[in-house]
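What follows is a set of notes on a single structure, which appears directly below.
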Amino acid sequence: MFRFDSVTFLDILRVPSLMIGGGRVTSLLGASGSGKTTILRMLNKMVSPTAGEILYHDRPLREIDSVLHRREVCMLSQTPVMFEGNVRDNLLAGLLFRKAPLPEDTVLSETLDRVHLNKPLSEPVDKLSGGEKQRLALGRVLLLDAPVYLLDEPSSSLDENTAVAVIEMIASCVREKGKTLVLVTHSAAVAEKYSDDIVEIRNKVAERRSV
Amino acid sequence: MNGIRELTIVQVALAYVFVLVVLAIVRARGIRREKEILLASIRMTLQLVLVGYLLVYIFENPHPLITVGIILLMEAFAVFTVFRKFKGKLSGGLKRVIALAICSGTILCLLYFLLVVVRIAPWYDPQYFIPIAGMLVGNSMTGISLGVKSLLEGMTVRKASVEEALILGAEPREAVREIINSTFDAAIMPTINSMLGMGIVFLPGMMTGQILSGTLPTTAIAYQIAIMFGIFGSVSLCVILLLQLGYRTFFNKEHQLR
Ligand SMILES: Nc1ncnc2c1ncn2[C@@H]1O[C@H](COP(=O)(O)OP(=O)(O)O)[C@@H](O)[C@H]1O
Ligand SMILES: [Mg+2]
């Protein structure tokens, strides 16, 4: 699905050769500051490699329209960013940007249940804690029902039990619908338990390692 | 209606009493601003005297090239004033947009105002062209300055939410929609407020000047109303051009933030 061909990003990261398979779960491991977020941002065209090429379905990313690409390859940022308004406004934000039809409130509430966020839709977002914002941001991207998901440490500010439940939910959702997932995590245990493939960044080089 | 009372040099000199009184007070209180006050007073006097003689010459020898030249000078002055104000903060692309917005916005409104509304003849009549151009360019420059300030601030303060919108698949224009709207407000509000207060809170300078020189107040008011709309149109057009073209300079062609 994705293929890296001698990719470099500044002097931060090198990805000599790497395939990320469609319909699979790939975990991305590496120390903090090693370039995991940078890889995700390259995958959804928020940044472009300084050298080399990334192909998506055998087409160079630079030939693909960035906005359309981001709608298909949907990324969850590491730090959740909320827009002004309440929980409902934020759940709908992605759909509004796509000018997609908006779902009923019951669908929105179901989404909140899936991400284990027990808040009314009318709750102002500035009252939410960091972990609650993270789950709301996750709900927001799940609602987009994209074929490819790039999730950047989606459970980093959750307590252990919630983190496990959320990761389980993501994994089963992705597998049920045959979606592709690239998951950044700092936990080797999570990577080993849920993924088909693992990519690890060491000494500024990203490479496949055995699961 | 009488024409204006001429002021003799002695009378003008008497007005300097204001400056002397303030200087005396400032000195007595030990506020160290004498130099600035004196410099500003003298510069103002010299600049206006020079401009006065220049205008007399131009009015007596009207020529299309002179009129056009003066407008271009005003535009250049306005553009560089904005550049200087935001020194080091403007990208090359944004500078080009600012220059284009000021020049095309003001010139379009100026030509419409003079040729369609006032219908001056000949078209380059400096007596109308120069003061009206001064008002349009001056006000538009202020509007653009406010707009640039608010745009730069918005793109800095709200950078994270612009990024997040892009990540969620927004077109750049959607990602910056709120910044654009609040910038338009910030740039245009002073003009709207001055329309609201006009005639009640203050009498505008142009109207006061015309009345002093013997124009019927009703005529002066008709001009003031027309020029106010001219200014409003020019400021708005400049700011709209700035925003519609300016936000793009913050993105590259891959729709990434620069
Ligand atoms: N656009 C950029 N320009 C320069 N440096 C960057 C840029 N993006 C990220 N970096 C740097 O690259 C390094 C890796 O960042 P990141 O990908 O966020 O790591 P991780 O997600 O693994 O913690 C960091 O040192 C970061 O400061
Ligand atoms: Mg990171």
Side-chain angles (χ1 to χ4, degrees), chain A residues 37-38 40-50 54 60-85 89-100 125 133 136-146 148-152, chain B residues 89-94 96-97 146-147 149-189 239-240 242-258:
Chain A
T37 299
T38 303
L40 289 200
R41 287 168 62 82
M42 288 196 287
L43 289 176
N44 91 332
K45 282 199 81 178
M46 284 303 289
V47 294
S48 301
T50 13
I54 300 176
L61 269 189
R62 66 186 149 71
E63 285 175 11
I64 300 175
D65 178 84
S66 304
V67 173
L68 297 179
H69 181 69
R70 288 172 199 147
R71 291 178 184 180
E72 193 170 316
V73 177
C74 181
M75 172 164 160
L76 172 73
S77 336
Q78 184 168 6
T79 357
V81 177
M82 296 286 114
F83 300 103
E84 272 165 44
D89 300 328
N90 273 277
L91 276 176
L92 293 177
L95 292 165
L96 285 168
F97 287 134
R98 282 153 211 248
K99 304 194 174 64
V125 282
K133 285 179 183 166
L136 177 52
L138 177 63
R140 175 164 78 193
V141 297
L142 290 182
L143 208 49
L144 298 172
D145 197 27
V148 184
Y149 277 106
L150 312 172
L151 306 181
D152 200 347
Chain B
K89 293 185 191 163
L90 302 174
S91 65
L94 193 54
R96 276 192 292 279
V97 167
L146 292 168
K149 178 167 183 279
S150 158
L151 184 63
L152 291 175
E153 264 173 25
M155 291 304 293
T156 313
V157 173
R158 307 178 81 117
K159 186 171 180 200
S161 83
V162 173
E163 276 246 338
E164 187 66 16
L166 290 180
I167 288 177
L168 288 172
E171 299 276 354
R173 75 160 57 240
E174 297 293 329
V176 297
R177 179 176 295 275
E178 292 197 6
I179 298 174
I180 297 283
N181 289 348
S182 62
T183 297
F184 185 75
D185 278 357
I188 220 75
M189 271 332 274
V239 172
I240 289 170
L242 169 75
L243 293 178
Q244 285 309 312
L245 303 173
Y247 84 82
R248 293 161 212 249
T249 65
F250 291 89
F251 300 91
N252 64 19
K253 65 178 190 308
E254 311 238 47
H255 303 315
Q256 298 160 349
L257 274 175
R258 283 183 198 276

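In what follows, chains carry the letters A, B, and so on, assigned in the order in which the sequence lines appear, proteins first and then strands, with residues in each chain numbered from 1. When reading the values below, keep in mind they use all heavy atoms of this one structure, side chains included, and skip hydrogens, waters and symmetry mates. Note that this is a predicted model, so its numbers are computed, not measured.
- How far CD of Glu254(B) is from NE2 of His69(A): 10.5 Å, rounded to the nearest 0.5 Å.
- Looking at Arg62(A), the atoms closer than 4.5 Å to chain B (heavy atoms on both sides) sit in the backbone and in the side chain alike.
- To the nearest 0.5 Å, atom NZ of residue Lys99(A) and atom CD of residue Glu174(B) are 4.0 Å apart.
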### Test log, rule side chain to side chain contact (heavy atoms under 4.5 Å, CB included), inputs Ile167(B) and Leu76(A)
CA-CA 8 Å; Ile167(B) 288 177; Leu76(A) 172 73; over 6 Å; no
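- In summary, Arg158(B) and Glu84(A) engage in a salt bridge, as defined by a charged side-chain N under 4.0 Å from a carboxylate O.
- In terms of heavy-atom pairs under 4.5 angstrom with chain A, the leader among Pro172(B), Ala175(B), Ala160(B), Ala165(B) is Ala165(B).
- No donor-acceptor contact under 3.5 angstrom links the side chains of Ser66(A) and Gln256(B), judged on distance only.
- Only the side chain of Val141(A) comes within less than 4.5 Å of a heavy atom of chain B; its backbone N, CA, C and O stay farther away.
- With a threshold of 4.5 angstrom between heavy atoms, Arg177(B) does not approach chain A through any atom at all.
- Between atom CG of residue Leu96(A) and atom CG of residue Leu168(B) there is a gap of 10.5 Å, rounded to the nearest 0.5 Å.
- One finds the CD atom of Glu164(B) at 8.5 Å from the OG1 atom of Thr79(A) (value rounded to the nearest 0.5 Å).
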